[in-house]
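Presented below is the structure to which this report refers.
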Amino acid sequence: MASSAAAAALLPIPSSPSCSSSEDSDEAKPLPPPPAPEDHSPPPQQQQQQERRRRRGWQMERDCNVAMRDLALAGDVDGVFAVFDELKRAGADGGAPPNVLCCNTLVNALAEAGRAGEALKVFEEMLASGVAPNASSYNILIKLHARQLQFDLAWELIHKSDLEPDVGAYSTLITGLCRAGKVVEAWGVLDWMLEKNCRPMVHTYTPIVQAYCSDGRIEEAKLLMAEMEHVGCLPNAVTYNVLIRALCDDGRFDEVDQVLVESRTKDWKPTTVTYNIYMNGLCRKGKAKEALEQLDVMLGEGLDPTAYTLSILLNCLCHDSRLLDAIYLLQRSTELKWYAGVVAYNTVMSRLCEMGKWMAILKLLTDMIKKGIEPNTRTFNILIRSLCVGRKSSLAKSLIHSQGFPANVVTYNILIHWFYYRGKLTEANRLISLMEEKNIARDEVTYTIIVAALCREGKFDAATGFFLQSLKSGLSMDVLTVLLSRLVHADKIWEINRIFDRKDLAPDHHVFDLTIRTFCRAGYCCLRWDAPRIHEGNLEMQQTVELDGESGSGQLAVATIGGP
DNA sequence: GTAGGGTTAG
C-alpha cells in the first residue's frame, strides 16, 4: 500500500493538534447568553407566552431547515436563500438570528453550487450575529476550501477552529484531496491522523478507494478494501458501490456479479444505489436488455426504486429504441407510484430531440408542468435545441430573454453552433457578445464551436486568437484538435509554429501525439522520434517531422517535460 | 441537520 507521511509536510503543520471523535464534538455550542436583567422576572402569564413563542420559533426553524435541505437537494439554491431570508426577517421581529443548523444548510448549498464567495459571506454574517459555529460549520468550510484547491486554508481551518479536529474534518479534507487527484497528500493526512491516534472511519478510506477507481487503478482499490477489512474498518455499501461503478466502466460485469454474490456472506447489503449504478453501467455499454433484467433482481430483493432508478430505466428504454415504452412509463409513473422527476422527463425529451420529434417534446413539457414538475435549465436547453432543429431558431433565440428561463453556457453554445451552421455569422457574433454582457463564461465547447466556424470561413488568424484566449482557462485538447486539423487541411502547417512558440502553452506528450497524428492523417510523413534527453535538468522530447514535397523538412517543436 | 456512492444536455 502506498503511503507517505512526508506528504503531510506539503501542508502547513500546526503546533499541537489533538483529535476527538465526531460524536462528541458535533454539538451546537451557542455563545453564552447575555447577562439576565437584574430586575424582577416577568409574571407567569407572560413567561408562558414567551415559552410558546420560543417553541413556535423553534418549530419554524426546523420546518424551514427541512425545506431548505429539500430545495438544496433539488438544486434550487436561490430557493434555499429565499427561505433563509424569510427566516431572518421573521427572526428580526423577535431579535433571534437563524440558528447554526439553518446557516449550515445555506452555506453548504452555496458551497455545493460553487458559490464560494456568498457561502463565506453567510458564514461571516453568522459569526457577526453572535451564532457560534459547530463542527459541521467548519467541515463545510473545509470542503469549500478543498474544492477551490486551497488545501493550506483547509488544513489551517482544521486546527484553528475552537473545536478540536475530528475524524469528520480530516475525512472531508481527504475527500477534497482525492477529488483533486492528490492521493499521496490524502495518504499523508491519513498517516497524520493515525499518528495522532485519531481512528479513521469508512468515510476516511472510501474517498481514497474512489480516487484509485477513477484513476483506473482497480486492483489497488481492491487491495485497500482488503486492508480496511484487515484493520477492522469494514467497507460498506458506499465503498462497494464505488468499486462496482469502476468495474462497470471497465466492462467487467462478471466481477460485478461476483461482488454481489459475495455480499451475501459479507457484512454489507446492496442498496438501490448499487443497482442504479449497475443498471446504468450495463446500459452505457450497450446492454440495455441486461440492465432491464437487473430491475427484477432489485425488486426481488425488496429494494424500492427511486427517481434515479426511473431515469436510468428510461435511458435504457431509449437506448433500446423502445421510446414508446419510455413515454408510456413516464406518463403512467404517478399511478405506478414511481416518482418521475425533471431528469426523467429530460431524458426522454432529449432522445425525442435527437429524433427531431419536437411536437412530442412539447406534449411532454405540457405534461410535466401539469404534474407540477418544474422544468430546469436542461429542459429549457432541450427545448431550445429542438426549436433550432425544427427551423424555429428566431423563436429559440427570443426565449433566452424571457423571464424564468435561466440560460447558461450550454444554451448559448447550442444557439451559436446553430447560427454558425446556418451561416448566420452576425447572429452568432451577437450571441458571443451577449454572453459576455451576461457574464456567462465561455467553456471548451464554446471555443471549439467558434474556432471551427472561423476556420471554415478561412479566418485562421481570428481562430488562432480565440484558441490563445481559451488557454487562459487551461489547454483544451478538443479546441487544439479542431485548430490543428483545420490548419493542416488548409496547408497552413507553419502557422502551427506560431502557436507552439507561445510561452503560455507548454506542450506535453499528449500535445505532441495529437500534432503528429494530425500531420500523419493529412498525408504528411512522420519520420523520426528523437530519443528523449536530459538538458539542464529537464527532460526534453523532440520529434522531427519531415514533410512531403517542396516544404522539405523542419523541426516542429521541443517539448519540455518535468523539472528539476 | 455536517463529511463518502447513483440519472439527463451542447
Side-chain angles (χ1 to χ4, degrees), chain A residues 22 25-28 61-62 64-66 68-69 72 99-105 107-108 111 133-143 146 166-176 178-179 201-211 213 235-246 248 271-281 283-284 306-316 318 341-351 353-354 376-386 388 408-418 443-446 448-449:
Chain A
S22 65
S25 67
D26 197 19
E27 279 165 24
E61 292 209 298
R62 241 182 102 92
C64 284
N65 201 18
V66 170
M68 283 162 66
R69 194 199 52 200
N99 69 18
V100 61
L101 301 172
C102 293
C103 294
N104 284 351
T105 306
V107 177
N108 189 51
N134 63 12
S136 301
S137 319
Y138 286 111
N139 286 350
I140 295 166
L141 289 191
I142 290 165
K143 180 174 75 175
D166 68 347
V167 59
Y170 286 122
S171 302
T172 307
L173 177 59
I174 286 176
T175 304
C178 286
R179 276 192 182 208
M201 308 180 3
V202 195
H203 282 75
T204 324
Y205 286 109
T206 303
I208 306 181
V209 171
Q210 178 155 38
C213 283
N236 63 10
V238 175
T239 325
Y240 278 101
N241 288 347
V242 168
L243 176 68
I244 288 173
R245 166 143 199 187
C248 284
T271 63
T272 299
V273 176
T274 313
Y275 284 95
N276 287 347
I277 293 168
Y278 193 14
M279 290 190 287
N280 195 44
C283 185
R284 277 202 310 215
T306 62
Y308 278 90
T309 319
L310 181 58
S311 300
I312 291 165
L313 287 174
L314 290 169
N315 202 21
C316 289
C318 288
V342 59
V343 180
Y345 276 88
N346 288 350
T347 302
V348 179
M349 283 163 71
S350 110
R351 180 71 181 151
C353 183
E354 282 169 30
N376 62 15
T377 302
R378 290 193 188 216
T379 322
F380 172 53
N381 287 341
I382 293 165
L383 183 65
I384 295 266
R385 205 162 81 91
S386 64
C388 286
N408 63 6
V409 59
V410 181
T411 323
Y412 282 90
N413 289 346
I414 294 167
L415 287 168
I416 292 169
H417 177 78
W418 180 258
D443 68 3
E444 281 186 42
V445 181
T446 325
T448 309
I449 294 167

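Naming convention: chains lettered A, B, ... in sequence-line order (proteins, then strands); numbering from 1 in each chain.
The distance between atom CG of A:L243 and atom P of B:dG5, rounded to the nearest whole Å, is 15 Å. Atom OH of A:Y138 and atom C1' of B:dG1 are 18 Å apart (whole Å). Distance A:Y205 OH to B:dG5 P: 18 Å, rounded to the nearest Å. Between the CD1 atom of A:I140 and the P atom of B:dA3 there is a distance of 6 Å, given to the nearest Å. Following rounding to the nearest Å, A:I142 (CD1) and B:dG4 (P) show an atom-to-atom distance of 12 Å. If you measure from atom CG of A:N376 to atom P of B:dA9, you get 12 Å, rounded to the nearest angstrom. A:M349 has its CE atom 16 Å from the C1' atom of B:dT7, to the nearest Å. Going from atom CG of A:D166 over to atom P of B:dT2 covers 15 Å, rounded to whole Å.
Contacts of A:T306 with the nucleic acid, taken as non-hydrogen atoms under 4.0 Å apart, include base atoms. As judged by a 4.0 angstrom heavy-atom cut-off over every strand, A:V348 is placed among residues making no nucleic acid contact. Residue-level contact check: A:H417 touches neither bases nor backbone, having no heavy atom under 4.0 Å from any strand. Nucleic acid contact class of A:V409 (heavy atoms, under 4.0 Å, all strands): base.
Side-chain atoms of A:T172 lie closest to B:dA3 of the nucleotides B:dT2, B:dA3, B:dG6. The side chain of A:N408 approaches B:dA9 more closely than any other nucleotide in the set B:dG4, B:dG5, B:dA9. Of the listed nucleotides (B:dA9, B:dT7, B:dT2), B:dT7 has the atom at the smallest distance from the side chain of A:I312. Comparing atom distances between the A:V273 side chain and each of B:dG6, B:dT8, B:dG4 picks out B:dG6 as nearest. The nucleotide whose nearest atom lies closest to any side-chain atom of A:T309 is, among B:dT8, B:dG4, B:dG6, B:dG6. When distances are taken from the side chain of A:S136 to each of B:dT7, B:dT2, B:dA3, the shortest belongs to B:dT2. Here the side chain of A:R179 is nearest to one of B:dG5, B:dT2, B:dA3, namely B:dG5. Closest approach to the A:T347 side chain among B:dG5, B:dT8, B:dG1 is made by B:dT8 (side chain taken as heavy atoms from C-beta onward).
Judged by distance alone, with hydrogens and angles left aside, A:N236 brings a side-chain donor or acceptor within reach of the base of B:dG4, the pair sitting under 3.5 Å. With hydrogens and angles left out, the side chain of A:N104 and the base of B:dG1 share no donor-acceptor pair within 3.5 Å. The base of B:dT7 sits with one of its N or O atoms less than 3.5 Å from a complementary donor or acceptor on the side chain of A:S311. If you check distances only, the side chain of A:T271 does reach the base of B:dG5 with a donor-acceptor pair under 3.5 Å. Counting atom types as modelled, A:T272 pairs no side-chain N or O with a base atom of B:dG6 as donor and acceptor under 3.5 Å.
Looking only at side-chain heavy atoms (C-beta outward), A:T379 and A:L383 stay at 4.5 Å or farther from each other. The shortest side-chain heavy-atom distance between A:N139 and A:I142 falls under the 4.5 Å cut-off.
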(request) Determine, step by step, whether A:Q210 and A:T175 satisfy the side chain to side chain contact (heavy atoms under 4.5 Å, CB included) criterion, reporting the C-alpha distance in whole Å, the side-chain angles of both residues, the deciding distance to 0.1 Å, and the verdict. (result) CA-CA 9 Å; A:Q210 178 155 38; A:T175 304; over 6 Å; no
(request) Step by step, work out the side chain to side chain contact (heavy atoms under 4.5 Å, CB included) result for A:V242 and A:T239. (result) CA-CA 5 Å; A:V242 168; A:T239 325; 5.7 Å; no
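Pairing each heavy atom of A:R69 with each of A:T105, the nearest pair is N-CG2, 3.9 Å. The two residues A:C248 and A:I277 make their nearest non-hydrogen contact at SG-O, 4.1 Å.
The side chain of A:N108 places an N or O atom within less than 4.0 Å of a non-bridging phosphate oxygen (OP1 or OP2) of B:dA3. Proximity of A:R245 to the phosphate of B:dG4: no side-chain N or O atom is located under 4.0 Å from OP1 or OP2. The side chain of A:N280 contributes no N or O atom lying less than 4.0 Å from OP1 or OP2 of B:dG6.
Take A:Y205 and apply the ring pair (Phe, Tyr, Trp, His ring centres under 6.0 Å) test, not counting sequence neighbours, and it matches no residue. Listed by chain and residue number, A:W268 satisfy the ring pair (Phe, Tyr, Trp, His ring centres under 6.0 Å) test with A:Y240 (two or more places apart in sequence, or in another chain).
Using modelled atom types and a 3.5 Å distance limit, the side chains of A:N241 and A:N276 yield no donor-acceptor pair.
Looking at residues 377-386 of chain A, you'll see A:R378, A:N381, A:R385 sit with a heavy atom under 4.0 Å from some atom of DNA chain B.
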